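Below is one structure; the comments refer to it alone.
No experiment lies behind these values; they were computed from the predicted model shown. Position 1 is the first residue of the sequence, and the numbers go up from there.
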Amino acid sequence: MHNIQNNLIYLRYQNDIIIITYLNITTMEKKSEVAFSGKAINGFLMLFVNLAVLILAIVGIVYSIILLDENNGLGGWLLAACGLVLLLNIICWCGFLLLEPNEARVLTWFGKYSGTFTRTGFYWINPFYSSKKVSLRARNLDAEPIKVNDKTGNPVMIGLVLVWKLKDTYRALFEVDTQTMANPGAGSIGSDTRSIMNALERFVRVQSDAALRQVAGQYAYDDEDAQTNEPTLRSSADEINEQLEQKLDERLALAGIEVVEARINYLAYAPEIAAVMLRRQQASAIITAREKIVEGAVSMVKMALQKLSDEDVVELDDDKKAAMVSNLMVVLCGDDSAQPVVNAGTLNH
């Protein structure tokens, strides 16, 4: 924890006298995860010790009962001592920890954060530490498509897939309310691993929904004019995904969550305008195809006239050329097959 001292000067007017006041304001950085620095003993060693103490305590209790039957005054003291040892032994059994890879235990000492235990294996710590186990493994979120308005106001359906994992256990448990979020609508507090991770997943789902709406609203679905060269949701996937990851990082950092990958996996027009937009796309495609057809037909007609003129096949005046061009354009640009007509007369009237 670092303290930053800032000296601020305030000017006050009192009876025409300027009074200068210095104020010291202390700001503290937010706490983050720290490693547990307490004593951790090998679990198998403590297991052997606990078993030995348990056996000795039971033997001592049995022996003290025998002494009490013999009216020996030491029996009562021995029974009390063995009972106390047995009680402490039962408490010690609560101090065992078993951690698998990519798991962690957040330890608190009567409400005070004491650190995060991440060593894999079987250990024993002070049983008066409260611990909550969390998973550090990567988790996947496949969000259902949601309806948003793009930059031009068109409603679109957009969905994302998100891979995330827990990075800062302190922020995950103490910066966001994962305790009551684990059991919404219930009076109990969620403390098991599944409840805590489900609460974090709900937090991720809500924030990813907000981030997706924010990013989708900054871009159009596609470039309708095909002249602006602006990035769109359909054509600029890499840029959109990069910005989406950035927005998610900003929102999920509060909960100590790291975004591994975020990608848009579904994109379509909303059902109410999908048919209209499909017809617009079809019309645009037809216009583009017609332009290519006309361009090809003009070049073919030009080539035909040039060939007829260069090789002196036939002499055509302007009217005949215009009629020929008209016929060729109809044949080449028409959708139906042309029906040939045989002219049995001559070219001259």
ask   = If you round to the nearest 0.5 Å, how far is CG of Leu160 from CG of Asn241?
value = 9.5 Å

message = One pair to check against side chain to side chain contact (heavy atoms under 4.5 Å, CB included): Asp222 and Ser235. What are the steps and the verdict?
response = CA-CA 7 Å; Asp222 59 4; Ser235 63; over 6 Å; no

message = Please give me the minimum heavy-atom distance between Pro145 and Met157, naming the atom from each residue.
response = O-CE, 3.8 Å

key: Cluster link Val206 to Leu252, ILVMFWY, side chain under 4.5 Å   = no

Flag if over 12 foreign heavy atoms under 6.0 Å of CD, Glu242 = no

ask   = Looking at Glu100 and Lys133, does any basic side-chain N land under 4.0 Å from a carboxylate oxygen?
value = no

task = Indicate yes or no: at least one non-hydrogen side-chain atom of Thr232 is less than 4.5 angstrom from one of Tyr219.
result = no

task = With the side chain counted from C-beta on, respond yes when Val148 and Leu212 share a heavy-atom pair under 4.5 Å apart, and no when they do not.
result = no

query = With a 4.5 Å limit on heavy-atom distance, are the side chains of Leu200 and Val176 in contact?
reply = yes

Pair Tyr129 + Phe36: ring centers closer than 6.0 Å = yes

query = Between Glu33 (side chain) and Thr169 (backbone), is there a donor-acceptor pair under 3.5 Å?
reply = yes

request  = Report yes if the side chains of Ser135 and Leu166 come closer than 4.5 Å at any heavy-atom pair, otherwise no.
outcome  = no

request  = Determine the minimum heavy-atom distance between Arg137 and Pro101, stating which atoms define it.
outcome  = NH2-O, 3.2 Å

inquiry  = For Cys92, is there any backbone N or O sitting under 3.5 Å from a side-chain donor or acceptor partner on Trp124?
reply    = yes

note = Residue pairs meeting salt bridge (charged side-chain N to carboxylate O under 4.0 Å, His left out), one or both in residues 208-221, sequence neighbours left out, come to Asp209-Arg213

query = Crowded around Tyr63 OH? As in, over 12 foreign heavy atoms under 6.0 Å?
reply = no

key: Glu175 versus Leu254, closest heavy-atom pair with distance   = CB-O, 3.4 Å

ask   = Do Phe96 and Leu107 belong together in a cluster built from hydrophobic side chains that touch within less than 4.5 Å?
value = no

Determine all donor-acceptor pairs shorter than 3.5 Å in which one atom belongs to a side chain in residues 40-62; sequence neighbours excluded.
residue : atom : partner : partner atom : Å
Asn42   : OD1  : Phe44   : N            : 2.9
Asn42   : OD1  : Leu45   : N            : 3.3

key: Enclosure of Phe128 CZ (heavy-atom neighbours >12, cutoff 6.0 Å)   = no

request  = Side-chain contact test, heavy atoms from C-beta onward, threshold under 4.5 Å: evaluate it for Ile158 versus Ile146 and give yes or no.
outcome  = yes

request  = First locate atom CG of Leu173, then atom CZ of Arg171, and finally report the distance between them rounded to the nearest 0.5 Å.
outcome  = 13.0 Å

request  = Answer yes or no: is there a side-chain heavy-atom contact under 4.5 Å between Tyr266 and Glu144?
outcome  = no

message = For the backbone of Tyr221 and the side chain of Asp150, can you confirm whether one donor and one acceptor N or O come within less than 3.5 Å of each other?
response = yes

request  = Output the distance between atom CD (Glu201) and atom CD1 (Ile257), rounded to the nearest 0.5 Å.
outcome  = 10.0 Å

remark   = The ring pair (Phe, Tyr, Trp, His ring centres under 6.0 Å) partners of Tyr113 (sequence neighbours excluded) come to Tyr170, Phe174

query = What's the spacing between Leu267 CG and Ile240 CD1 if we round to 0.5 Å?
reply = 9.5 Å

message = Hydrophobic clusters here meaning ILVMFWY residues chained together by side-chain heavy-atom distances under 4.5 Å, can you tell me if Val34 and Phe110 are in one?
response = no

inquiry  = For the CD atom of Gln218 and the CG atom of Leu233, what is their distance to the nearest 0.5 Å?
reply    = 10.0 Å

ask   = So which pairs with a foot in residues 259-270 pass salt bridge (charged side-chain N to carboxylate O under 4.0 Å, His left out), sequence neighbours left out?
value = Glu245-Arg263, Glu261-Arg263

request  = Please list, chain by chain and in numerical order, all residues satisfying salt bridge (charged side-chain N to carboxylate O under 4.0 Å, His left out) with Lys151, sequence neighbours excluded.
outcome  = Glu230

ask   = Can Trp93 be reached from Leu88 by stepping across I, L, V, M, F, W or Y side chains whose heavy atoms are under 4.5 Å apart?
value = no

request  = Would you give the length of the straight line joining atom CD1 of Ile91 to atom CG of Leu86, rounded to the nearest 0.5 angstrom?
outcome  = 10.0 Å

remark   = Heavy-atom nearest pair, Ala143 first then Arg205, reads CA-NH1, 4.5 Å

query = Is there a path from Trp164 to Ile196 through hydrophobic residues (I, L, V, M, F, W, Y) whose side chains come within less than 4.5 Å of each other?
reply = yes

request  = Tell me, please, which residues at least two apart from Lys165 pass side chain to side chain donor-acceptor pair (under 3.5 Å).
outcome  = none

query = Looking at side-chain heavy atoms only, is the closest gap between Leu244 and Leu162 below 4.5 Å?
reply = no

Leu99 and Thr118, any side-chain heavy atoms less than 4.5 Å apart = no

